[in-house]
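Each remark here refers to the structure printed beneath this line.
Nothing here was measured: the structure is a model prediction, and the numbers come from that model. Order of the sequence lines fixes the chain letters, A, B, ..., with proteins taken first and strands second; residue numbering starts at 1 for each chain.
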Amino acid sequence: MILTNGLIKTYHLGDTVVTALKRIDLSVTRGEFVAIAGPSGSGKSTLLNLLGCVEPPTAGSLQIDNQEITSLSSNALADLRAERLGFVFQTFNLLSVMNVFENVEYPLQLRKIAKAERTRRTLAAIADVGLTSFIHHRPAQLSGGQRQRVAIARALVGSPALILADEPTANLDHATALGILNLLKDLHRKTQVTMLLTTHDPKIMQMADRIVEIMDGEIIKDSACM
Amino acid sequence: MYVKLALRNIFRNRSRSLITLLAIGSGAVALIMAGGFIEDTLTRAKEDYIHAFLGHVRVYPRGFLEEGLLHPFDHLIAQPEELIRELRHVPHVLYAAPRLSFAGLLSTGESTVSFFAEGIDPQVENAERSTAHLESGTYLQGKNDYQMLLGKGLAKAMGIRAGDAITVVTNTKRGAINAADMSVQGIFATSDKAYDDRTARLPLAIAQKLLRADDVQTIIVFLDETAHTAEVKSAMERLLRNKGYPYEVKAWYELEEADFVVKAMAFYQRIFFVLKMIIWAVVTLSITNTMNMSVLERIGEIGTLMALGTRRRGIATLFLLEGVFLGVLGGIFGGLAGCALAIIISRIGIPMPSPPGSTMVWIARIAVTPGALGAAFTMALATALIASVVPAHRASRLDIGDALRHNI
């Protein structure tokens, strides 16, 4: 599913070159539920951005479903994100001018799926996260947990091969976070979608099939290798 | 999808959108007002010149325009009645009338001045009552009455009032001296002071008697609307060619006498063009700022849209559409406000001093034409679109990872 080889990411801060990721070699198979753990600034969000094709690596190779990603054009990467990836963000990142239905429907519109099919899949995804009675609500009218459920529905609606969740419970209280984690786990069980989550929350780590620990841009521990 | 998103985005920050709409609308109002004022002024000047002495179209014998100044009686239209009858049948022609001009001396007994006379057909031209503004007295009455209308400046220079007696002295067609005693029937004024300072009008039949001539120099044609001038000119040229008449047709703007008004129109239109460019630039700069603000405030959202799979071109389209919608709304708002303001100002009127070369004062209005409205709407749409190009490009070139970090 995912194969990285010597993945490096550096940033330029003025004259200083900061290396965020140092030669990451990682392999994730289809259907895995992987937690990428590490303290703040360890490089886990950068790794997720690279795996999600939102940032290009400085060096190294990244393959998704045996396709080399680093050589793809901007449009091809956009299409790949729309068709094969789903994102769940720490800050939910819903479009404030759209209601729940429209936010969830958006990825399907990008893929130019027919209206009837879009509606069916959107309603199903919203039902999966338990928000059917909120479809006309705007994000500002929802709680944090509800917003994250909408974001999860939006990530799942296109039946992606891979869902990338960047600290999905970091902005939620304990009870809500637990609800979101259970939802993610249930959906993973139901759909068998590959899930990669960044976290420093021990609860998420416990739920994951595999924990990849990162420190200073390097993988220091991978439970799959133990 | 982008249309719905763009429409909602322009209403999300209402105060900023309102400021943008005000900037666009104000530009549209300024264009309508300035354009309408200049349009009204130029139209009035043009129509005054046409109706005072140019006519819309004139028919001359070939060679008259080249040699008529030196040999005014070498190129004449003999028996013009049939030609006039045919010209009247051309669509859009209100009337066609013969004219015969000559130079001579005008004497009151105490003073004598040179002048320029125009022999007109009083029955035709007076019926229209549009060829000149009468300051005092009445229009010429009979075809064969020894009566004259004097230009305001000419009458003033000689100290003549309506009802006074006057003697006209001129050369006949063959060069002999001839004179006639006339009465001053009225004093007229046009928008051309130079014309009023030297011109008198008298019945064509009297002019022909003085000149011992049966012919005329030109047929002056007036139309229902000035806009039909070029069309009528072409129709008349076809008519003359088909009938084999040795005459040529000139539109009012091709006449030497129209030089001042044609150049003045070109001059003011150029000034208005520069003014338009300034308005375009001011509106574009003011809305570029708000469009840039819109991008800066939404960097995180742009990152999200791109992370979800929106192409860079889609992001640019979204911001360009927002510009288009702001332009359309600003254009409609500005157009309506401009029309309302123009109507109010036109009802009140703007008292204008007499322009250079004229003695007439007038009340200017704001002429709202479809062209002016179209120009204002085009400006609104184009400036909003132009102002959106750079922000749209900036938004579409954002680094997705950097943009997403703005959400945190």
Exercise. How about B/M293: does its CE atom have over 12 heavy atoms from other parts shown lying under 6.0 Å from it?
Worked result: no
Problem set entry | B/R8 versus A/V97, closest heavy-atom pair with distance | NH1-O, 3.0 Å
Problem set entry | Straight-line distance of A/F89 CZ to B/L404 CG, nearest 0.5 Å | 5.0 Å
Exercise. With a 4.5 angstrom heavy-atom cut-off, which part of A/N49 approaches chain B: side chain, backbone, both or neither?
Worked result: side chain
For this session: Carefully, step by step, assess A/Y106 and B/L305 under the rule side chain to side chain contact (heavy atoms under 4.5 Å, CB included).
Result: CA-CA 9 Å; A/Y106 185 78; B/L305 288 169; 3.4 Å; yes
Exercise. A/F92 versus chain B, heavy atoms under 4.5 Å apart: side chain, backbone, both or neither?
Worked result: neither
Exercise. Taking C-beta and beyond as the side chain, do B/L5 and A/Q109 meet within less than 4.5 Å on heavy atoms?
Worked result: no
For this session: List the steps, then state whether side chain to side chain contact (heavy atoms under 4.5 Å, CB included) holds for A/R154 with B/L308.
Result: CA-CA 9 Å; A/R154 182 178 65 184; B/L308 293 177; 3.7 Å; yes
Exercise. For A/E55, is it the side chain, the backbone, both, or neither that has a heavy atom closer than 4.5 Å to a heavy atom of chain B?
Worked result: side chain
For this session: Report, as yes or no, whether the 6.0 Å neighbourhood of atom OH on A/Y11 holds more than 12 heavy atoms from other residues, nucleotides or ligands.
Result: yes
Problem set entry | Neighbours of chain A found in residues 310-322 of chain B - heavy atoms under 4.5 Å | B/T310, B/R311, B/R312
For this session: Report, as yes or no, whether the 6.0 Å neighbourhood of atom NE2 on A/H137 holds more than 12 heavy atoms from other residues, nucleotides or ligands.
Result: yes
Exercise. Is B/D399 atom CG crowded by more than 12 heavy atoms from other residues, nucleotides or ligands, each under 6.0 Å away?
Worked result: yes
For this session: Select one option (side chain, backbone, both, neither) describing which atoms of A/E83 are under 4.5 Å from chain B's heavy atoms.
Result: neither
Problem set entry | Contact leader toward chain A among B/G300, B/G303, B/A307, B/A403, where contacts are heavy-atom pairs under 4.5 Å | B/A307
Exercise. Take atom NE2 in B/H393; do more than 12 heavy atoms of anything else shown fall under 6.0 Å from it?
Worked result: no
For this session: Among the options B/M306, B/R298, B/R405, pick out the one with the most heavy-atom pairs lying under 4.5 Å from chain A.
Result: B/R405
Problem set entry | Where A/L110 and B/M1 come nearest, the two heavy atoms and their spacing | CD2-CE, 3.8 Å
